[in-house]
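Nothing fancy with the numbering, it's 1 onward along the sequence.
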Amino acid sequence: MLKQYKRPAGLIAFLSNIYGEQRFEDLVEVQFRGGVCCCIVQANQRYIREDHFSSGEYFLINLYRKVLNKTPLVVIDEIDIALDANAQAQLSKQLRTLCEQHQVTVMFTSHSLALMQTLEPTELHYLERTETGTFLTPMSFNAVKSLLFGFKGWDKYILTEDRVLTQFLEYAIRRYCSPAFFSYQIIHASGSGQAVGLMRRNVEYQFLGPEADVICLLDGDQNRPNLPPRVYCIPFHDVETALWNEYREPAFPHTFGGGEILDPKPLFREYCRSKKLSPDEIFALLCDRHHAAMTQFSQILKAFLCRPNA
């Protein structure tokens with residue numbers, strides 16, 4: 001009645017961004033000797049006090065105050081229990097920004113996929129109790145999803161142009177990115193144009209996943225200025241041609257009768273058919289001969305598949 005209150009603009013923005021609605025525009029904050037209380041002013045000098053809001057709204061108001069008061073560590077069990085799916089999906093972004101501003105750490109448990117999917121790779125851990133103790137393990141969203149709910153899928157997708165390049169990339173990942181933090185699937189699309197086209201369609205429809213979780217890796221003969229975003233090339237023409245070039249080196253130790261007349265693809269197939277060299281032995285040979293270039297290329301794989309530093 002006395003209108004001795006103020007408009008808490010930061011809290012209103014926090015709640016509005018989480019719920020995606022403007023119903024908090026009439027929120028006011030009243031100061032008491034023991035603290036503050038929010039309410040929504042209505043007609044005829046009536047009001048709704050914050051402890052009569054929904055349980056989720058009341059919880060978020062008090063969480064906001066904890067952070068604003070610079071409580072160093074806030075621990076919450078089942079943070080999502082009173083929040084709808086839309087609010088869960090927006091909570092981590094808003095809470096992350098707020099905590100960074102006030103240098104506060106919030107640690108919480110959750111069983112919500114909607115919420116877990118919005119966390120950064122360095123933020124999600126799996127809490128496991130065993131006979132030998134309780135352990136907190138960094139884990140990707142897909143790994144947690146599979147473990148808790150049995151849903152199958154992959155965190156990341158690599159699109160490429162043929163089966164041989166797929167085998168080579170599998171070897172390179174084992175060699176340079178072991179262990180990979182994110183689960184992944186390599187899909188060969190029978191041609192560079194098809195692979196790039198598939199990635200572009202995913203940008204629009206996201207049938208594989210978010211744009212950031214899909215890259216395209218092609219043979220080196222596709223390398224050119226101004227490649228599309230998230231498209232990269234291996235550092236030599238292609239696997240078969242690189243082997244063919246090595247075969248023609250005077251000191252190459254793995255020659256065989258008739259090999260010199262074969263073209264690159266038949267030469268590769270003959271090595272695999274006759275078991276003179278296995279695919280992994282060929283890939284190891286090429287990585288050794290192109291050590292510097294492959295070390296540089298491996299940074300792309302590591303950035304995509306390995307967990308960022310916490």
Worksheet entry | Nearest atoms (heavy-atom pairs only) where Q194 meets S190 | NE2-O, 3.3 Å
Discussion item. Tell me the closest heavy-atom pair linking L115 and Q88, and the distance in Å.
Written reply: CD1-O, 3.3 Å
Worksheet item: Short question: side chain of E57, backbone of S54 - any donor-acceptor pair under 3.5 Å?
Response: yes
Item to complete: Using a strict cut-off of less than 4.0 Å between a Lys/Arg side-chain nitrogen and an Asp/Glu carboxylate oxygen, indicate whether R273 and E270 qualify as a salt bridge.
Response: yes
Worksheet entry | CD-NE2 distance between E281 and H254, expressed to the nearest 0.5 angstrom | 7.5 Å
Worksheet item: With distance as the sole test, does N202 use its side chain to make a donor-acceptor pair with the main-chain N or O of G209 at under 3.5 Å?
Response: yes
Discussion item. Ignoring hydrogens and geometry beyond distance, is a side-chain donor-acceptor pair present between S110 and S112 at under 3.5 Å?
Written reply: no
Fill in: Verdict with reasoning, S16 to E25, per side chain to side chain contact (heavy atoms under 4.5 Å, CB included)
CA-CA 8 Å; S16 298; E25 287 300 311; 4.3 Å; yes
Worksheet item: Transitively linked via ILVMFWY side-chain contacts under 4.5 Å: F24 with V36?
Response: no
Discussion item. Does anything in residues 235-262 form a salt bridge (Lys or Arg N to Asp or Glu O under 4.0 Å)? List the pairs, not counting sequence neighbours.
Written reply: E240-K265, E246-R289
Worksheet item: Does R175 pair with D288 as a salt bridge, N-O distance under 4.0 Å?
Response: yes
Fill in: Gap between atom NZ of K66 and atom CG of L98 - 0.5 Å precision
14.0 Å
Worksheet item: Going by the angle between their ring planes, with limits at 30° and 60°, are Y247 and F252 parallel, tilted or perpendicular?
Response: tilted
Item to complete: Please name the pair of heavy atoms, one in A172 and one in M294, separated by the smallest distance, quoted to 0.1 Å.
Response: CB-CE, 4.3 Å
Discussion item. Quick check: do T118 and K93 have side-chain heavy atoms less than 4.5 Å from each other?
Written reply: no
Worksheet item: Given the rule that I, L, V, M, F, W and Y join up when any side-chain heavy atoms are under 4.5 Å apart, are F182 and I158 in one cluster?
Response: no
Worksheet item: Rest of the hydrophobic cluster containing I187 (Ile/Leu/Val/Met/Phe/Trp/Tyr, side-chain heavy atoms under 4.5 Å)?
Response: W154, Y157, L159, V196, L198, M199, Y205, F207, L208, V214, L218, L227, V231
Worksheet, complete the sentence: On a heavy-atom basis, the closest approach of P308 and T122 is O-CG2, 3.5 Å
Worksheet item: Is there a donor-acceptor pair closer than 3.5 Å between any side-chain N or O of R269 and the backbone N or O of P264?
Response: no
Worksheet item: Which heavy atom in A195 sits nearest to a heavy atom in C216, and how many Å separate them?
Response: CB-SG, 3.7 Å
Practice prompt. May I ask you to decide if F268's main-chain N or O and W244's side chain share a donor-acceptor pair within less than 3.5 Å?
Written response: no
Practice prompt. Is it possible for you to check whether R23 lies under 6.0 Å from the centre of the six-membered ring of Y19, through NZ or CZ, and within 45° of that ring's axis?
Written response: yes
Discussion item. Could you see if I18 belongs to whatever hydrophobic cluster contains Y58? Use Ile, Leu, Val, Met, Phe, Trp, Tyr and a side-chain cutoff under 4.5 Å.
Written reply: no
Worksheet item: Any donor and acceptor pair, going by atom type alone, linking the side chain of N69 with main-chain N or O of T71 inside 3.5 Å?
Response: no
Item to complete: Check the surroundings of atom CD in Q296: do more than 12 heavy atoms from other residues, nucleotides or ligands lie under 6.0 Å from it?
Response: no
Item to complete: Rounded to the nearest 0.5 Å, what's the gap from OG1 on T109 to CG on D77? Could you check?
Response: 3.5 Å
Worksheet item: Any side-chain heavy atom of L91 within less than 4.5 Å of one from L60?
Response: yes
Worksheet entry | Connected via hydrophobic side-chain network under 4.5 Å: L305 and L119 | no
Worksheet item: Looking only at atom types and distance, does a side-chain atom of T134 sit under 3.5 Å from a main-chain N or O of T130, one as donor and one as acceptor?
Response: no
Worksheet item: Are the side chain of S298 and the backbone of T295 linked by a donor-acceptor contact shorter than 3.5 Å?
Response: yes
Worksheet item: Does the side chain to side chain contact (heavy atoms under 4.5 Å, CB included) test come out yes or no for F236 and T241, once each step is laid out?
Response: CA-CA 8 Å; F236 38 81; T241 301; over 6 Å; no
Fill in: V74 vs T105, side chain to side chain contact (heavy atoms under 4.5 Å, CB included): CA-CA, chis, key distance, verdict
CA-CA 6 Å; V74 181; T105 298; over 6 Å; no
Item to complete: Measure from NZ or CZ of K276 to the centre of the six-membered ring of F256 and say whether it is under 6.0 Å with the direction within 45° of the ring axis.
Response: yes
Worksheet item: Are F181 and Y126 grouped together when hydrophobic residues (ILVMFWY) are joined by side-chain heavy atoms under 4.5 angstrom apart?
Response: no
Fill in: Candidate pair V28 and K6, rule side chain to side chain contact (heavy atoms under 4.5 Å, CB included), full reasoning
CA-CA 6 Å; V28 299; K6 64 180 181 179; over 6 Å; no
Worksheet item: Can you check whether N142's main-chain N or O pairs, donor with acceptor, with D155's side chain at less than 3.5 Å?
Response: yes
Discussion item. Over 60° means perpendicular and under 30° means parallel, so tell me whether F283 and F168 are parallel, tilted or perpendicular.
Written reply: perpendicular
Worksheet item: So how far is it from L83 CG to S55 OG, rounded to the nearest 0.5 Å?
Response: 8.0 Å
Worksheet item: Is F108 atom CZ crowded by more than 12 heavy atoms from other residues, nucleotides or ligands, each under 6.0 Å away?
Response: yes
Item to complete: Would you check if I48 and Q42 make a side-chain contact, meaning some heavy-atom pair closer than 4.5 Å?
Response: yes
Worksheet item: Quick one: does F14's side chain get under 4.5 Å of Q94's, heavy atoms only?
Response: yes
Item to complete: State, yes or no, whether a side-chain contact exists between F297 and I300 at a heavy-atom distance under 4.5 Å.
Response: yes
Fill in: Cluster companions of L73 among Ile, Leu, Val, Met, Phe, Trp, Tyr (side-chain spacing under 4.5 Å)
V75, M107
Discussion item. Any side-chain to backbone donor/acceptor pair from R230 onto A212? Under 3.5 Å, distance only.
Written reply: yes
Practice prompt. Please check if the side chain of D219 supplies one atom and the backbone of D221 the other of a donor-acceptor pair under 3.5 Å.
Written response: no
Practice prompt. Output the distance between atom CE (M116) and atom CG (D80), rounded to the nearest 0.5 Å.
Written response: 8.5 Å
Discussion item. Would you say that K156 contacts S183 through its side chain, given a criterion of any heavy-atom pair below 4.5 Å between the two side chains?
Written reply: no
Worksheet item: Does a side-chain heavy-atom distance below 4.5 Å link F141 with L113?
Response: yes
Fill in: E78 versus H111, side-chain donor and acceptor atoms under 3.5 Å
yes
Worksheet entry | S192 side, atom OG; L165 side, atom CG - distance, nearest 0.5 Å | 10.5 Å
Discussion item. Less than 4.5 Å apart, side chain to side chain, heavy atoms only: is that true for E123 and P138?
Written reply: no
Worksheet item: Charged N to carboxylate O under 4.0 angstrom, D280 versus R174?
Response: yes
Worksheet item: Closest approach of L217 and T160, non-hydrogen atoms and distance?
Response: O-OG1, 2.7 Å
